[in-house]
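Reckoned from all heavy atoms, side chains included, excluding hydrogens, waters and symmetry mates.
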Amino acid sequence: MSLDDRQPFPIENEIIEYKEVFNEKCKREIAALLNGTQPACIYFGVNDLSRKVTHIYTDDEKHEIEEQVGRWLSSPIYYPSPVGVVHVRTDRQLFCIEIHPGNAKPYFLDGRVYVRNGSESIKASQERVTKMIAFQDLSSFDVSESPIQELKLDEIESVFKREKLNFKAKALGFLNSQGLFTNVAFLMSSQNNFVVKVAIFDGVKVDQFKDRREFSGCLPKQIDEILTYINLNNPLSARITGQAMRDEKRSYPSVAIREAVINAIVHRSYFSKSPIQIEIFDDHLTIMSPGPLPGGMKLNAVLAGQTLPRNPQVVKVLNKLKYIEDYGTGIRRILSSYDDEKKKPEFKTNEDFVKVCLPNSNYRQHLSKPIFPDVVEIDEPGAVKVVLDEQGRIVEYLKNHLYVTRAIVELILEVKGTQANRYLKQLVDIDVLKRVGAGPATRYVLVHQIQNK
């Protein structure tokens, strides 16, 4: 005898839920049953205490509820998308919603994870969420059906064209066996709404923003734009002496930034909607990506070179485009880029995120505030340390040009003439630049270039 034919019905448990009326609370019950281990049902028109039918739903009522549930399932409130594993059964005598446990657990409802505890749907403990994440099928997100099927792939196709590679969607895993777009195609599309947030702070605390940006869309395009933006905010330190030499060093090794950014994007948990967060302070830069290390890996193993790709299809695409050279070497490259530095990169992991902290190799905490904020004197006689912001960018320009003029400075710094004159005068006053000529013919050259003629 089926459940539909018996009264009273069995008591509520981890796979059976009764509702006399359909309401907003059903969203939580669906979320909890998605995170279960067996197929389950929510039956409507049944009193949960007496376990007897109190209402028979009409076809119109069933249709209205079916449409509402469809809107819930296709909206961002559920993540990952449970489309395909939740079904409204309007053809049964006892109206119900049938939920099959998903393969992409944990399923989130408005950022929270719910599970069944007997007959109740409760918020999952962090420990339980962590265990679900640790035992995720690492390839399940990549190969799962994309929530959007009308994907725009112009950007990723242009990246392949730039690299002189053939773009073959099926070979890249963009299509499943039914010919539908997968999530790896979604991540490579311009509709990709997974965000990377970058914030630049004034000082060493989060008290004051200098600038902040958000990046989304096609992953290779995201990587290119993020690296360009960070590099524009990665000052170059140049020691200029009376000798024909220049000792230059970026605040952060370019290889460390590149590897840390790509690692965060490639290995983040896309089962979480939280953004990757990059924060740049005067003394350090941090990159935090959502999700723990995949498969319950330990940090020591990762630092030693062990790798377990969380998103193997993403890895496959980016490896083909040469964004990733070798597997398991990224962390070691970050560490080796700091071999000659006293301060080393730091890594932190927990159940919610993986975080890397890169120290600023050019930061000198003991220095008092200089007269000119962009030029700092150092101990060596006749040496000056120029930080690559306004004045430093002028010096950087002169590395490849014989001279600079006020008009050129206006263009490269996007400032007005009075401000350009002020920056040039500062460099002249500390003997970094030499003024040559007068009036409209005035130009500026590096002092050491004159001394070595």
| query | Val404 and Leu398: which non-hydrogen atoms are nearest, and at how many Å? | reply | N-CD2, 3.6 Å

| request: Quick one: list whatever passes side-chain contact (heavy atoms from CB on, under 4.5 Å) with Glu341, sequence neighbours left out. | output: Lys249, Tyr338, Ser361

| Can you find a pair of side-chain heavy atoms, one from Ile287 and one from Ile276, that are under 4.5 Å apart? | yes

| Got a donor-acceptor contact below 3.5 angstrom from the Tyr252 side chain to the His284 backbone? | yes

| request: Report the residues that fulfil side-chain hydrogen bond (donor to acceptor under 3.5 Å, both in side chains) with Lys344, sequence neighbours left out, ordered by chain and then residue number. | output: none

| note | So CD1 of Ile265 and CD1 of Ile223: to nearest 0.5 Å the spacing works out to 4.5 Å

| Are Val85 and Ile99 close enough, and set up right, to give a side-chain contact (heavy atoms from CB on, under 4.5 Å), and what steps lead you there? | CA-CA 6 Å; Val85 292; Ile99 299 101; 6.0 Å; no

| Donor on one side chain, acceptor on other, Asn193 and Ser216, under 3.5 Å | no

For residues 160-169, which side-chain donor-acceptor pairs fall under 3.5 Å, sequence neighbours excluded?
from	atom 1	to	atom 2	distance (Å)
Arg162	NH1	Asp224	OD2	3.2
Arg162	NH2	Tyr323	OH	3.0

| request: Kindly write out the residues that satisfy side-chain hydrogen bond (donor to acceptor under 3.5 Å, both in side chains) with Arg268, not counting sequence neighbours, or none if the list is empty. | output: none

| remark: Sorted by chain and residue number, the ring pair (Phe, Tyr, Trp, His ring centres under 6.0 Å) partners of Tyr78 (sequence neighbours excluded) come out as none

| Listed partners of Tyr397 passing ring pair (Phe, Tyr, Trp, His ring centres under 6.0 Å), at least two apart | His401

| message | Both conditions, 6.0 Å and 45 degrees, for the charged tip of Lys197 above the ring of Phe215: are they met here? | response | no

| Separation between CE of Met288 and CD of Gln277, rounded to the nearest 0.5 Å | 4.0 Å

| message | Can you tell me if Glu157 has over 12 outside heavy atoms packed within less than 6.0 Å of its CD? | response | yes

| query | So, Tyr423 versus Gln419: side-chain donor-acceptor pair below 3.5 Å or not? | reply | yes

| request: Show the numbers, then the answer: is there a side-chain contact (heavy atoms from CB on, under 4.5 Å) between Thr442 and Thr405? | output: CA-CA 7 Å; Thr442 301; Thr405 64; over 6 Å; no

| task | Could you tell me whether a side-chain N or O of Asn319 sits under 3.5 Å from a main-chain N or O of Val315, the two making a donor and an acceptor? | result | no

Identify all side-chain donor-acceptor contacts of residues 408-415 below 3.5 Å with residues at least two apart in sequence or on another chain.
from	atom 1	to	atom 2	distance (Å)
Glu410	OE2	Arg406	NE	3.1

| query | Would Phe209 and Phe201 count as a close aromatic pair, with their ring centres under 6.0 Å? | reply | yes

| task | Evaluate the side-chain proximity of Leu321 to Val159: yes if any heavy-atom separation is below 4.5 Å, no if none is. | result | yes

| Minimal non-hydrogen separation, Pro101 against Gly36, with atom names | CB-O, 3.2 Å

| said: Please give me the minimum heavy-atom distance between Val445 and Leu402, naming the atom from each residue. | reply: CG1-O, 3.3 Å

| said: Quick check: do Asn263 and Val354 have side-chain heavy atoms less than 4.5 Å from each other? | reply: no

| task | Supply the atom-to-atom distance Lys27 NZ to Ser75 OG, rounded to the nearest 0.5 angstrom. | result | 7.5 Å

| request: Given side chain to side chain donor-acceptor pair (under 3.5 Å), test Arg28 with Ser121 step by step and report yes or no. | output: CA-CA 7 Å; Arg28 187 170 68 175; Ser121 295; 5.6 Å; no

| request: Please check if atom CG in Asp339 has more than 12 non-hydrogen atoms from other residues, nucleotides or ligands closer than 6.0 Å. | output: yes

| Residues forming a ring pair (Phe, Tyr, Trp, His ring centres under 6.0 Å) with Phe353, sequence neighbours excluded | none

| Residues in side-chain hydrogen bond (donor to acceptor under 3.5 Å, both in side chains) contact with Glu120, at least two apart in sequence or another chain | none

| request: Would you give the length of the straight line joining atom CD of Gln222 to atom CZ of Phe194, rounded to the nearest 0.5 angstrom? | output: 10.5 Å

| message | Quick one, Ile278 and Thr286 - any side-chain contact, counting heavy atoms below 4.5 Å? | response | no

| message | For Glu29, is there an ion pair with Lys25 - N to carboxylate O distance below 4.0 angstrom? | response | no

| Atom CG in Leu358, atom CD1 in Ile280: separation rounded to 0.5 Å? | 10.0 Å

| query | In Å and rounded to the nearest 0.5 Å, what is the CZ to CZ distance from Arg435 to Arg443? | reply | 12.0 Å

| Under 3.5 Å, side chain of Asn35 to main-chain N/O of Pro106, donor-acceptor pair present? | no

| So do the side chains of Ile334 and Val255 get within less than 4.5 Å of each other, counting heavy atoms only? | no

| said: Once salt bridge (Lys or Arg N to Asp or Glu O under 4.0 Å) is applied, what residue pairs with a partner in residues 198-213 remain, sequence neighbours excluded? | reply: Asp211-Arg213

| Would one find more than 12 heavy atoms of other residues, nucleotides or ligands at under 6.0 Å from atom CD of Gln149? | yes

| request: For residues Pro220 and Leu318, determine if any side-chain heavy atom of one lies less than 4.5 Å from a side-chain heavy atom of the other. | output: yes

Output a table of donor-acceptor pairs, distance under 3.5 Å, between side-chain atoms of residues 175-190 and any protein atom two or more places apart or on a different chain; print 'none' if there are none.
from	atom 1	to	atom 2	distance (Å)
Asn176	OD1	Gln178	N	2.9
Asn176	OD1	Gly179	N	3.1
Asn176	OD1	Leu180	N	2.8
Thr182	OG1	Gly173	O	2.6
Thr182	OG1	Phe174	O	3.4
Asn183	ND2	Phe141	O	3.0
Ser189	OG	Phe186	O	2.6
Ser189	OG	Gln191	N	3.2

| query | Does any non-hydrogen side-chain atom of Asn360 lie less than 4.5 Å from one of Phe281? | reply | no

| request: Locate the shortest heavy-atom distance separating Cys26 from Trp72; write the atom from each residue and the value. | output: CB-CZ3, 4.0 Å

| task | Would you check, one step at a time, whether the test side-chain contact (heavy atoms from CB on, under 4.5 Å) holds for Ile230 with Leu285? | result | CA-CA 10 Å; Ile230 294 177; Leu285 178 155; 4.1 Å; yes

| request: Measure across Ser272 and Pro290 and return the closest heavy-atom pair with its distance rounded to 0.1 Å. | output: OG-CB, 3.8 Å

| request: Could you go through the side-chain contact (heavy atoms from CB on, under 4.5 Å) check for Gln313 and Val143 one step at a time? | output: CA-CA 8 Å; Gln313 293 298 322; Val143 298; 4.3 Å; yes

| message | Between Lys105 and Leu34, is there a side-chain heavy-atom distance shorter than 4.5 Å? | response | no

| note | Minimal heavy-atom distance between Cys218 and Glu155, with the atoms involved, is CB-OE1, 3.3 Å

| remark: Sorted by chain and residue number, the ring pair (Phe, Tyr, Trp, His ring centres under 6.0 Å) partners of His267 (sequence neighbours excluded) come out as none

